[in-house]
There are 2 protein chains.
Amino acid sequence: MRNTVARDAILEIINTTDVALSQSDVQAKLPEGLCNRVTIYRVLDRLVDEHLAHKITNIDGVIKYANCQSCATNHKHNHVHFNCECCNTVTCIEAVEPSFKLPANYEVNTVNFLVSGICPECKGN
Amino acid sequence: MRNTVARDAILEIINTTDVALSQSDVQAKLPEGLCNRVTIYRVLDRLVDEHLAHKITNIDGVIKYANCQSCATNHKHNHVHFNCECCNTVTCIEAVEPSFKLPANYEVNTVNFLVSGICPECKGN
DNA sequence: AACCCTATCGCAACATTGTTGCAAACATAA
DNA sequence: TTATGTTTGCAACAATGTTGCGATAGGGTT
């Protein structure tokens, strides 16, 4: 995959942010006019294909992207994500991998575990 | 809450369908022109308020509604939901309640556990 | 350095989902 | 039957995400 200005900038943002970001979150962090809205969607999807990011569908239906600490060794991404209803951020809680066991014959491809509530930061304030 | 034609019809649909339904799914099952699109959104939300249904955000961001077998005794709804990528349905798997444990000071309000893959029906065909 | 190939981009247009304000219609209780 | 407040329809809007296509620009090759 090619290194383009947009790709580099977006990857940099994903890698230096500790919460998951939507397309519009990314756009807000990019220099004005660096690239088109559509490009952000496309680059984010490409980063997922390249295993440099993973997708989380937030409780409001908005898709967020985050890099993953353990990506190099494990592409499962079945850890819990937490949506704070107060500061409106989604964070990976990598330490927490829920255990569950489906009935026979279910083939699992993707897992989207999202817990919504109030994060410690917001509770403290 | 009042019993209206729309409410009765939508509740009937939710209660007699064993998969979770989006607004447009419900609309497709309603008699043509029984009520407006907006009314379906509003009725579904009202049913959630009355604890007659619960919400699941699907992996594609679309919000689905389902009645819940154990609603009378337990409003947690933290069971697993399964999205079949083949037949494109979301089903409640009430038997499976994942166990997880967040770090201290996270206040949990809602849980959205979604597993996506291929369901037994589609695998058999 | 010039060239080529093709991945990537920008733009415009579109689709879908979901929300809001307000006036009209309706359910229910008095 | 009337009064009250809930519910509805309509129209308009907002946000997210997708698609097609011509233009642009990586990056390898000569």
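Letters A, B, ... mirror the listed sequences (proteins, then strands); counts begin at 1.
In this entry the distance linking CG of D25(B) with P of dG18(C) reads 10 Å, nearest Å. When the C1' atom of dG18(C) is taken as reference, atom OH of Y41(B) falls 5 Å away, rounded to whole Å. Q27(A) places its CD atom 12 Å from the P atom of dA15(D), with the value rounded to the nearest Å. Between the CD1 atom of I63(A) and the P atom of dA15(D) there is a distance of 18 Å, given to the nearest Å. In this structure, CD1 of I40(B) is placed 15 Å from C1' of dT19(C), rounded to the nearest angstrom. Rounded to a whole Å, the CG atom of N58(A) is 15 Å from the C1' atom of dG18(C). The NZ atom of K55(A) sits 15 Å away from the P atom of dT16(D) (whole-angstrom rounding). In this structure, the NZ atom of K64(B) is 13 Å from the C1' atom of dT17(C), given to the nearest Å.
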**Report entry** Nucleic acid footprint by protein, nucleotides 2-15 of chain C - heavy-atom cut-off 4.0 Å, B for base, S for sugar-phosphate alone
**Finding:** ----BBSBBBBB--

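Inter-residue side-chain proximity for V48(B) and R46(B) is flagged as unmet; no heavy-atom pair is nearer than 4.5 Å. Between H79(B) and C92(B), some side-chain heavy-atom pair lies under the 4.5 Å cut-off.
Remark: aromatic rings of F100(B) and F100(A) are distant, center separation not under 6.0 Å.
For Y65(A) and D45(A), the side-chain atoms include at least one donor-acceptor pair closer than 3.5 Å. Judged purely by distance below 3.5 Å, without hydrogens or angles, the side chains of D25(B) and S22(B) pair a donor atom with an acceptor atom.
In plain terms, the two heavy atoms of V80(A) and P98(A) that are nearest each other are CG2-CG, 3.6 Å.
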